[in-house]
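Order of the sequence lines fixes the chain letters, A, B, ..., with proteins taken first and strands second; residue numbering starts at 1 for each chain.
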Protein chains: 2
Amino acid sequence: MPPRSPTSRDVARLASVSRTTVSYVLNNSDSGIAVSPATRKRVLDAARDLGYHPNAAARSLRSQKAGVVGLVTYASTMQMGANAFMPLVLDGVMSVLGGAGVKLIVEAAIPGQPDPCVGLARGGHVDALIVTGARPADNGLRVLHADGVPIVLWGMLAGSDLPFVDVDNVAAARMAVEHLLDLGHERIACITNAPPSNNSAAADRLLGYRTALESRGIVVDEVLVRRANYDEVSGFEAMRDLLAQTVRPTGVFVASDEVALGALKAARVIGVTVPDDLAIVGFDDLPIAPFVEPSLTTIRVPAREIGIVAARMIIAMMANGSIATSTTLATELIVRESSGTLRA
Amino acid sequence: MPPRSPTSRDVARLASVSRTTVSYVLNNSDSGIAVSPATRKRVLDAARDLGYHPNAAARSLRSQKAGVVGLVTYASTMQMGANAFMPLVLDGVMSVLGGAGVKLIVEAAIPGQPDPCVGLARGGHVDALIVTGARPADNGLRVLHADGVPIVLWGMLAGSDLPFVDVDNVAAARMAVEHLLDLGHERIACITNAPPSNNSAAADRLLGYRTALESRGIVVDEVLVRRANYDEVSGFEAMRDLLAQTVRPTGVFVASDEVALGALKAARVIGVTVPDDLAIVGFDDLPIAPFVEPSLTTIRVPAREIGIVAARMIIAMMANGSIATSTTLATELIVRESSGTLRA
DNA sequence: TTGTACGCGTTATCAT
DNA sequence: ATGATAACGCGTACAA
């Protein structure tokens with residue numbers, strides 16, 4: 001059995017003061033109450049010598065604050081290991097939270113199981129939540145929000161007034177497709193991700209695709225719109241099906257880089273050369289994008305910054321009790337080889 | 001202000017019973033004490049109607065258990081977003097912990113800052129720790145272990161008796177290099193990762209490389225041993241330098257797939273064809289490995305299973321109070337295109 | 001079968 | 001400037 005960690009009582013005993021004084025010295029350092037420097041030093045030394053760490057449970061029980069933020073992923077496709085994007089966000093979140101001395105509990109929602117956010121918040125495990133992949137049907141979030149639990153969404157929740165951080169997916173997708181249009185392509189396909197009933201990001205990217213084409217007076221051929229499932233395999237299959245069409249597209253907008261990698265492979269296997277026979281634009285600008293063959297033209301999404309901003313918003317909400325204003329981060333078209341040059 | 005979450009007192013009131021009864025019904029369901037079915041139902045209904053969730057802090061304070069495991073990464077190169085491997089492990093950990101109703105706190109050690117493991121464990125934030133990238137110098141772990149805190153390492157800690165889960169990096173690397181030898185290569189280079197003072201995985205992979213060559217009577221040419229830094233860019237640079245040699249290698253063992261992707265790019269840029277001019281074997285078998293061009297021959301490391309096993313070991317240790325026995329997971333050589341065929 | 005009372009470690013209030 | 005005391009919400013030994 002572990003020798004129980006020292007308590008403030010132990011520190012008090014060693015420093016020959018009361019627990020109250022220990023508490024003052026350790027927390028209220030800048031409060032109105034003064035403590036004699038000698039006493040202060042004795043307490044500090046005692047705490048250090050004992051390796052004292054205040055008990056989280058007791059502190060939390062007393063203060064009614066957990067000092068912990070929850071990061072919850074809903075859609076399985078958004079989960080930690082499922083795609084290469086999420087970890088970058090997590091990294092950003094951790095850097096901000098760590099700096100603020102706030103802990104991070106990570107949890108994944110499992111379909112059919114009780115909403116983890118509710119348990120986390122109601123049980124006092126966390127003071128606030130960063131949520132991604134939530135669907136409108138998850139009204140647990142609404143209730144928590146109504147009750148004043150600070151919540152920040154990564155990605156918008158359709159028809160919700162929860163504060164979020166996101167990119168303008170419609171505009172970004174439009175930018176990607178317009179790049180292809182500007183290169184002279186007219187028959188442009190789209191591989192977007194299958195929305196888990198309604199992932200607004202996937203839907204918005206598709207919308208951006210449609211908007212771009214329509215703004216140039218091109219009618220969208222629905223046979224050119226395909227669904228993938230966030231990974232390479234599904235991208236491979238989508239592209240394979242696309243290239244089985246009698247009239248092949250000359251350009252493809254793929255709504256995520258990992259899927260694009262699978263698509264690239266399919267083209268290669270089929271004998272379609274990228275970018276000469278087929279121009280491809282991805283989405284995300286993952287670290288691998290510059291290194292795949294051919295290097296991937298894509299939309300840069302500031303993944304780590306998304307995490308940073310979300311965490312900052314949450315920290316602010318916890319401090320102020322206010323509701324942060326939603327943030328839309330900028331994307332950027334990164335032109336590399338896969339989109340090729342001006343079409344003859 | 002949030003309307004405070006309901007307490008067991010509220011449940012008791014609504015069900016017209018005492019708090020004790022509520023506690024019995026909710027926790028001790030299978031205890032010796034019996035509760036009348038009618039009462040039980042009243043309590044359950046009341047809890048459900050109120051959306052009651054036991055307060056984590058109070059429960060933890062009382063039980064002296066946090067119900068939380070900490071996942072701590074030390075080396076920055078091992079951090080969540082830094083490479084594509086860690087998220088897969090995290091995913092495995094989460095799946096096991098979630099099923100056991102145990103929460104997960106994720107934290108990254110920052111050089112120069114106090115060891116997060118100590119604060120996490122001593123402060124009672126967590127009951128146990130899963131640790132990766134720890135260096136022998138971090139003796140906080142030793143002390144915690146000596147005090148009976150359940151700890152599992154992912155990757156071995158040199159000269160430590162902490163239980164770990166890992167793969168046999170020496171054997172795996174040897175297998176990779178022997179594959180190249182079997183294909184008829186003799187001048188084989190190695191790009192391993194720069195150990196953060198002492199990452200045993202990196203060192204072991206290098207050792208496996210040396211062992212393989214020496215077992216065939218080949219003297220290692222130190223000019224063929226290069227260091228990368230876990231990412232594509234460093235892999236690119238390492239390969240570029242390698243190919244600047246007067247006598248180029250015909251095969252390269254790269255100690256991680258992401259680095260291999262960078263190396264692949266460098267070869268392409270320089271005009272060296274893989275696998276015809278240069279055979280490459282990677283390590284990890286990331287999801288992207290089959291999709292890069294050419295598809296990557298590599299060592300499969302069961303990333304998700306590493307997480308699963310580590311979590312299971314931790315759960316067992318928390319339950320038994322025992323010390324789990326270390327686990328070494330199997331690797332496998334996955335032959336794809338990048339290593340080419342038998343050399344003329 | 002159910003209720004009463006205590007303590008887990010902290011911090012805040014109130015005396016001294 | 002410092003110390004005694006109460007309360008946070010829960011679980012359980014004990015009494016009824």
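Phosphate contact (OP1/OP2 of C:dT11, side-chain N/O of A:Ser23, threshold under 4.0 Å): present. Side-chain nitrogen and oxygen atoms of B:Gln64 include at least one within less than 4.0 Å of the OP1 or OP2 phosphate oxygen of C:dG9. Taking only side-chain nitrogens and oxygens, A:Thr20 never comes nearer than 4.0 Å to OP1 or OP2 of D:dA4. Taking side-chain N and O atoms only, B:Asn27 has a distance below 4.0 Å to OP1 or OP2 of D:dG11. Contact check, A:Ser18 against D:dG3: a side-chain N or O comes under 4.0 Å of OP1 or OP2. A close approach under 4.0 Å does occur between a side-chain nitrogen or oxygen of A:Tyr52 and OP1 or OP2 of C:dT10.
When distances run from any side-chain atom of B:Ser36 to the nucleotides C:dT2, D:dG3, C:dG3, the shortest one goes to C:dT2. Ranking C:dC14, D:dG9, C:dT11 by closeness to the A:Leu61 side chain, first place goes to D:dG9.
Separating the CG atom of B:Leu26 from the P atom of D:dG9 is a distance of 16 Å, rounded to the nearest angstrom. Atom NZ of B:Lys65 is separated from atom C1' of D:dT12 by 16 Å (rounded to the nearest Å). For A:Arg13 and D:dG3, the CZ to P distance is 14 Å, given to the nearest whole Å. Summarising the geometry, the separation between CZ on B:Arg9 and P on D:dC10 is reported as 10 Å, rounded to the nearest angstrom. Rounded to whole Å, atom C1' of C:dT1 lies 12 Å from atom CZ of B:Arg42. Here the P atom of nucleotide D:dT5 and the OH atom of A:Tyr24 are 16 Å apart, to the nearest Å.
End-to-end axis angle of the helix from C:dT1-D:dA16 to C:dT16-D:dA1, using five pairs per end and rounding to 10°, comes to 50°.
For the pair A:Ile308/A:Val89, no side-chain contact is recorded, criterion being any heavy-atom separation below 4.5 Å from C-beta on. Between B:Glu305 and B:Val165, the closest side-chain pair of non-hydrogen atoms is not below 4.5 Å. The side-chain heavy atoms of B:Arg42 and B:Asp45, taken from C-beta on, include no pair separated by under 4.5 Å.
One N or O on the side chain of B:Asn83 and one on the backbone of B:Phe85 form a donor-acceptor pair closer than 3.5 Å. At distances below 3.5 Å, at least one donor-acceptor pair connects side-chain atoms of B:Ser200 with backbone N or O atoms of B:Met156. The backbone N or O of A:Cys117 sits less than 3.5 Å from a side-chain atom of A:Asp115, completing a donor-acceptor pair.
Each of A:Val17 and B:Thr21 has a nearest nucleotide on DNA chain D; the 5'-most of these lies closest to A:Val17. Nearer the 5' end of DNA chain C, as judged by each residue's closest nucleotide, is the contact made by B:Arg62, out of B:Arg62 and A:Ser8.
Residue A:Arg59 places no side-chain atom within donor-acceptor reach of the base of C:dT11, judged by atom type and a 3.5 Å distance cut-off alone. In this model, no side-chain donor or acceptor of A:Arg19 finds a partner on the base of D:dA4 within 3.5 Å.
Contact record, B:Ala158 with B:Arg142: O-NH2, 4.0 Å, taken as the closest heavy-atom pair.
Within the 4.0 angstrom heavy-atom criterion, no nucleotide atom of any strand lies near B:Ser60. Note on A:Ser63: nothing from the nucleic acid sits closer than 4.0 angstrom, heavy atoms only.
No salt bridge links A:Asp127 with A:Lys65; every basic N to acidic carboxylate O contact stays at or beyond 4.0 Å.
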